[in-house]
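The next block holds one structure in the form of structure tokens; read it before the comments.
Numbering starts at 1 and runs along the sequence shown.
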Amino acid sequence: MNAFQRVLSRVFASLFLATFLWIAYLILFVGKDYIALQPFVVLLGALFLIGVYFFLFSLGKQLAPKNPVRTEISLIAFVFLFYILLQILIATEFRTNFEQAWDFGVVARAAMEYTLYKLPPNDYFISFSNNTPLLFLLIGLFKFSAALGYYNFTTVGVIANIVMIDAAILVSYLAVRKITGTKTAAVVAMVALMLTLPLLAYISIYYTDTLTILYPILSLHLWQCAKENFAQQKKRKAWIQIAFCVLSAAVGTLLKVSVVIVLIAVVLDALLTLKLKKSAVIIGAALVFFSAVYLPLNAAIKNSALLPKDSEDVRIPWTHWIMMGLHGNGNYYDPDYKMTLSFPPEQRDAMVMDEIEQRIADYGLGGLLAHQAEKTAFVWADGDYYSHVKIMRDRVRSSSLDPYVIYDGERHVYYAYFCQFLQLALYTGFLISGVLIFKNKSYGRALLPYAVSIFGLFLFQNIWEARSRYLFNFIPVFAVLAICG
């Protein structure tokens, strides 16, 4: 890393620190928009969890066996067995159906109807073409299950969720172990993720948020491994890891566009930490391979004969989601959706751009900053990732856990507080990691791509239609950066 790269890294670290100091302030003093929580209680709870982390870390170092491989594998297997049983129990409590109360139900029902009755998907997949890859994935899973004679597709979806979430937790374990060089910190990261209650709350909702949770953390971990192997002159192994890193990013982006932020983070990390010639070769190869995977797959899905004939009447320009993000707290706003469709197709792009310009002009600089503060609080100061709303939709029946998890439940305050404790503890870890990146030592440089990914997600959410649920697939990235800090 040369002097210019060090300066850029420190500039980024300063922006990152300032951003998450602000967000820590928001989670304490603004918090959730539907329930009042006491800042002092949230702060004490976060400090308690941080204290538990340090206690477990010190205890683990003392108890670590001399020959740990077999013990480590046995411990991980035991913990995951317990966690999987807990996931199954929660999935049973929050069992879903295909009532189509929101996008998840629409996509799942369309996949089920095509698998069982060959009914073609409707025009929803023209308006919301971003969910078409998920439709094809679910059709593939459901057809495979039907071929085996098993038709409980809800269970199939839940199993897919469990596999992806647990794989992401395992990769997070490996990532922390590689960065810190300690198994104890890796175990603490694994436990921290398993204590992240929204990972359990969303277990029965097999949607793009959950089914893409593996890809960001896997891509970043493979990139870290590749950089290490390049440094050790193991070039063949490093290129294989880069190929799988990019493949993971491409597949994840196909299912949820925010995953592409990870590829951008890899590119920026290469520019900031490697020599120019080496970074140019790696970046060029990565972008070519990403395009070779993503573009043909995306074209094949969008041009599939299975989908309804393209109709401009229901097509929505991508700029519509920027316009929607400029309303209120940036959440989905149905009047904007109806307004866009009320215009003739040929006028929609111009109408949306005019509306974007008008909203920015109406805000003025002060109003726009206030809007961004409201939006940031709505997205980043919600430690349960919008689960307090989403898990009550498309439900088969009510659950004994509803009073705790649902936003108007009589005991929901306990769930809300614990989620906020953990979220503030994560952000505290972010701040420590930001300081380490600023110091520009080798350990801090290992954290750089994780921090760049999170900061990129912050920028994306501030531009686009947003809500805290859209952060869900980056939770393992959050945990790695926080625990390593």
Ring geometry between [Y] and [X] (parallel below 30°, tilted from 30 to 60°, perpendicular above 60°):
X      : Y      : answer
Phe458 : Phe20  : tilted
Phe12  : Phe455 : perpendicular
His412 : His388 : tilted

Crowding at [atom1], [X] (>12 non-hydrogen neighbours, <6.0 Å):
X      : atom1 : value
Trp318 : CH2   : no
Tyr404 : OH    : no
Tyr443 : OH    : yes
Phe289 : CZ    : yes
Phe48  : CZ    : no

Distance from [X] atom [atom1] to [Y] atom [atom2], nearest 0.5 Å?
X      : Y      : atom1 : atom2 : answer
Glu93  : Leu200 : CD    : CG    : 12.0 Å
Ile50  : Ile432 : CD1   : CD1   : 6.5 Å
Asp384 : Gln420 : CG    : CD    : 7.0 Å
Thr273 : Lys278 : OG1   : NZ    : 9.5 Å

Next on the checklist: Determine whether the aromatic ring centres of residues Phe478 and Tyr427 are separated by less than 6.0 angstrom.
Outcome noted: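 Between Tyr427 and Phe478, the centre distance exceeds or equals 6.0 Å.
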Checklist entry - Aromatic ring centroids of Phe128 and Tyr337 under 6.0 Å? => result yes
Between [X] and [Y], a side-chain donor and acceptor under 3.5 Å:
X      : Y      : value
Ser387 : Tyr415 : yes
Tyr333 : Asn331 : no
Glu465 : Tyr470 : yes
Thr180 : Thr182 : yes
Asn131 : Tyr207 : yes

Next on the checklist: As a quick check of understanding, evaluate salt bridge (charged side-chain N to carboxylate O under 4.0 Å, His left out) for Asp209 and Lys390, giving each step before the final call.
Outcome noted: CA-CA 12 Å; Asp209 310 296; Lys390 288 300 183 184; over 6 Å; no
